[in-house]
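Structure first, commentary second.
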Amino acid sequence: ATEEQVTKAFEILNSDDNVKAILVNIFGGIMKCDIIASGIVAAAQNIGLDKPLVVRLEGTNVEMGQKLIADSGIKVVLADDLDDAAEKAVALV
């Protein structure tokens, strides 16, 4: 997904009152996790995301992706796997 696509998705989710949290679950095989993380950070910063955000990354360059997100200053919870992500998302709402 491009940064523009992620931004549009976040805009839609952020504007929906029925959405209480956003969970991003990525397995980056072909697409590298650091590239995906950059798109998530840029999108969250561009729209002023106000919903809780939980991100699970797995795959190529996962450590770099997690570091980009952790160092970004956006309010985000990183998860180890999908179960962990789901539990954290539910706990935030």
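Only heavy atoms go into these numbers, but all of them, side chains included; no hydrogens, no water, no symmetry mates. Residues take their numbers from the sequence shown, with the count starting at 1.
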Tested for side chain to side chain contact (heavy atoms under 4.5 Å, CB included) against Val24, the lone hit among Ile36, Ile69, Val76, Leu53 is Leu53

For Asp80, salt bridge (charged side-chain N to carboxylate O under 4.0 Å, His left out) partners two or more places apart:
none

When Val77 is tested against each of Val54, Val55, Leu23 for side chain to side chain contact (heavy atoms under 4.5 Å, CB included), which residue passes?
Val54

Report whether Leu92 and Leu49 are members of the same hydrophobic cluster (ILVMFWY, side-chain heavy atoms less than 4.5 Å apart, transitive linking).
no

Nearest-0.5 Å distance that lies between atom CD in Gln66 and atom SG in Cys33:
8.0 Å

Tell me the closest heavy-atom pair linking Gly65 and Ala37, and the distance in Å.
O-CB, 3.3 Å

Under the rule for side chain to side chain contact (heavy atoms under 4.5 Å, CB included), what residues qualify as partners of Glu58, not counting sequence neighbours?
Phe27, Arg56

How long is the straight-line distance from CG of Leu82 back to CG of Asn25, given to the nearest 0.5 Å?
4.5 Å

Could you check whether any side-chain N or O of Lys51 sits under 3.5 Å from a backbone N or O of Asp16, counting only pairs where one atom can act as donor and the other as acceptor?
yes

Who are the side-chain hydrogen bond (donor to acceptor under 3.5 Å, both in side chains) partners of Lys88, not counting sequence neighbours?
Asp84

By side chain to side chain contact (heavy atoms under 4.5 Å, CB included), which residues pair with Lys32, not counting sequence neighbours?
Asp34, Ile35, Thr60, Asn61

Taking all non-hydrogen atoms of both residues, which atom of Ile40 and which atom of Phe10 are closest, and how far apart?
O-CE2, 3.9 Å

State, to 0.1 Å, how close Val19 and Leu13 come at their nearest heavy-atom pair, and which atoms those are.
CB-O, 3.5 Å

Can you name the closest pair of heavy atoms from Ala21 and Ala89 and give their distance?
CB-O, 4.2 Å

Listed partners of Lys67 passing salt bridge (charged side-chain N to carboxylate O under 4.0 Å, His left out), at least two apart
Asp71

Just to verify, what does Glu11 make a side chain to side chain contact (heavy atoms under 4.5 Å, CB included) with, not counting sequence neighbours?
Thr7, Lys8, Ile47

In terms of hydrophobic clusters joined by side-chain contacts under 4.5 Å, are Leu68 and Val62 together?
no

To the nearest 0.5 Å, how far apart are CG in Asp50 and CG in Asn14?
4.0 Å

